[in-house]
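Below is one structure; the comments refer to it alone.
By convention here, the first residue in the shown sequence is residue 1.
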Amino acid sequence: MALSKVNGLSISGLVTAMPINTEDNLNLPFLTEDEREQLVKHTGIRFRRIVQDQASIKSYFAKGITQLLDNLSWSINEIDILICVTQTHTTNIPALSCQLHGDLKLSAATLCFDINLGCSGYVYGIHTIGSLLASLDKKNPKAILCCGDFSSTLINKTDKATVPIFSDAVSVTGLELNANNNTSYFNLETEGSGQQAIYAENNVMKLNGIDVFNYSLKTVPQNIQTLLSFSRKNENDIDAYVFHQANKLINDAIGKRLDRK
């Protein structure tokens, strides 16, 4: 069932990492000056972070995990679950989470696996970890969620649809289950009929912007309303909406559908 809830789940810490190198959308060589200015105006994206020198996403995840453990004063041996969500593995076998397990010397009792998801990956990752933590026969179990992509490695450098909006970054999140009164609600609906909106062909990403725009305006507000109803809340209970969407035009349009300015 797409609607689900997890009791007692807390996000204890978050580390983000991105490359130092930036690219400026106002300097894109395959766009005219007017196209560049309109692009930045409508999407809200001027600078993008892009990896260089064959950097691996594993190295970014590893540094993030080390920093997170230090920030939270967690021991590596306390980690019960490690999940990696990415679509830009350097190698497909073994799983990236298992590679990190070996490199960082996690306990043999740590549950590790990867999830192949893009935009929905962070939400699915949190739900998966919350459900697994709730199933463990242990007090205050802990987990780490690594999530992110080096999307620039999948992009044709002259593709007007993808180059201006995709960047490279990762996050590492620490989660734990404890005796609090928090309840996390999830709506994990799937829309497989839109599989041609964003896809990879011969390891090159393709994007149909119109499909993404229409999907976002039609489905996202409806998804949120369903979640609010499931959690027995209304719009006045929500302080902020955070969308996995880089395009300012789309975010503003969704906000209007939700009566948010």
Side-chain angles (χ1 to χ4, degrees), residues 11-23 47-130 132-133 141-157 162-163 165-176 198-205 244 246:
I11 293 178
S12 302
L14 175 67
V15 170
T16 59
M18 62 187 72
I20 295 175
N21 179 57
T22 62
E23 290 185 359
F47 296 102
R48 293 167 291 103
R49 300 289 182 131
I50 305 297
V51 294
Q52 290 183 313
D53 303 324
Q54 304 298 315
S56 72
I57 199 165
K58 183 176 78 166
S59 66
Y60 274 65
F61 281 156
K63 291 176 182 178
I65 292 172
T66 301
Q67 183 65 58
L68 179 73
L69 293 174
D70 184 60
N71 291 351
L72 296 176
S73 298
W74 285 2
S75 164
I76 195 77
N77 293 321
E78 293 182 85
I79 306 306
D80 299 292
I81 300 168
L82 171 63
I83 292 178
C84 292
V85 182
T86 185
Q87 293 182 316
T88 53
H89 306 78
T90 304
T91 58
N92 291 321
I93 301 174
L96 184 53
S97 56
C98 294
Q99 295 179 46
L100 289 165
H101 179 282
D103 294 347
L104 299 175
K105 297 180 172 55
L106 274 73
S107 164
T110 306
L111 186 160
C112 296
F113 63 91
D114 294 355
I115 298 177
N116 176 29
L117 283 175
C119 299
S120 62
Y122 191 70
V123 175
Y124 267 84
I126 290 177
H127 177 267
T128 300
I129 282 179
L132 289 170
L133 289 175
K142 297 178 174 63
I144 291 177
L145 172 65
C146 296
C147 189
D149 284 296
F150 286 174
S151 298
S152 67
T153 62
L154 299 177
I155 290 174
N156 181 324
K157 304 305 181 185
T162 56
V163 170
I165 61 174
F166 284 96
S167 293
D168 303 326
V170 306
S171 67
V172 179
T173 306
L175 300 109
E176 57 186 318
I198 305 176
Y199 64 100
E201 186 175 79
N202 298 323
N203 210 36
V204 177
M205 187 186 300
H244 182 89

Beyond-backbone contact of Leu132 with Ile83, side-chain heavy atoms, under 4.5 angstrom: yes
Test item: Met205 and Ser151 side chains (from C-beta on) under 4.5 Å apart, heavy atoms: yes
Stepwise, does the side chain to side chain contact (heavy atoms under 4.5 Å, CB included) test hold for Gln99 with Thr91? CA-CA 10 Å; Gln99 295 179 46; Thr91 58; 3.1 Å; yes
Under 3.5 Å, is there a donor-acceptor pair between the Ser152 and Glu23 side chains? no
What closest approach, in Å, do Cys84 and Phe61 show between heavy atoms, and which atom pair accounts for it? SG-CD1, 4.3 Å
Which is it for Val163 and Arg48 under the side chain to side chain contact (heavy atoms under 4.5 Å, CB included) test, yes or no, and what are the steps along the way? CA-CA 9 Å; Val163 170; Arg48 293 167 291 103; 4.1 Å; yes
Could you tell me if Asp114 and Ser97 have a donor-acceptor pair between their side chains, going purely by distance under 3.5 Å? yes
For the NZ atom on Lys157, are there more than 12 heavy atoms of other groups (residues, nucleotides or ligands in this structure) within a distance under 6.0 Å? yes
Ile79 vs Ile65 side-chain heavy atoms within contact, under 4.5 Å: no
Of the non-hydrogen atoms in Gln87 and Asp149, which two are nearest, and what is the gap between them? N-OD1, 2.6 Å
Side chain of Asp80, backbone of Lys142: donor and acceptor closer than 3.5 Å? yes
From CA spacing to verdict: side chain to side chain contact (heavy atoms under 4.5 Å, CB included), Val85, Tyr124: CA-CA 9 Å; Val85 182; Tyr124 267 84; over 6 Å; no
Arg49 (side chain) donor-acceptor with Pro19 (main chain) under 3.5 angstrom: yes
Do Ile126 and Thr173 have side-chain heavy atoms sitting under 4.5 Å apart? no
Do the side chain of His101 and the main chain of Ser107 share a donor and acceptor less than 3.5 angstrom apart? yes
Determine whether Thr86 and Val170 make a side-chain contact, defined as any pair of heavy atoms from C-beta on separated by less than 4.5 Å. no
Whether Asp168 side chain and Val51 backbone form a donor-acceptor pair below 3.5 Å: yes
With heavy-atom distances below 4.5 Å as the criterion, would you say the side chains of Thr162 and Asn156 are in contact? no
Report yes or no: does Ser171 contribute a side-chain atom to a donor-acceptor pair with the main-chain N or O of Thr16 at less than 3.5 Å? no
Would you mind reporting whether Val172 and Tyr60 have side-chain heavy atoms less than 4.5 Å apart? no
Leu117 side chain reached by Tyr122 side chain, heavy atoms, under 4.5 Å: no
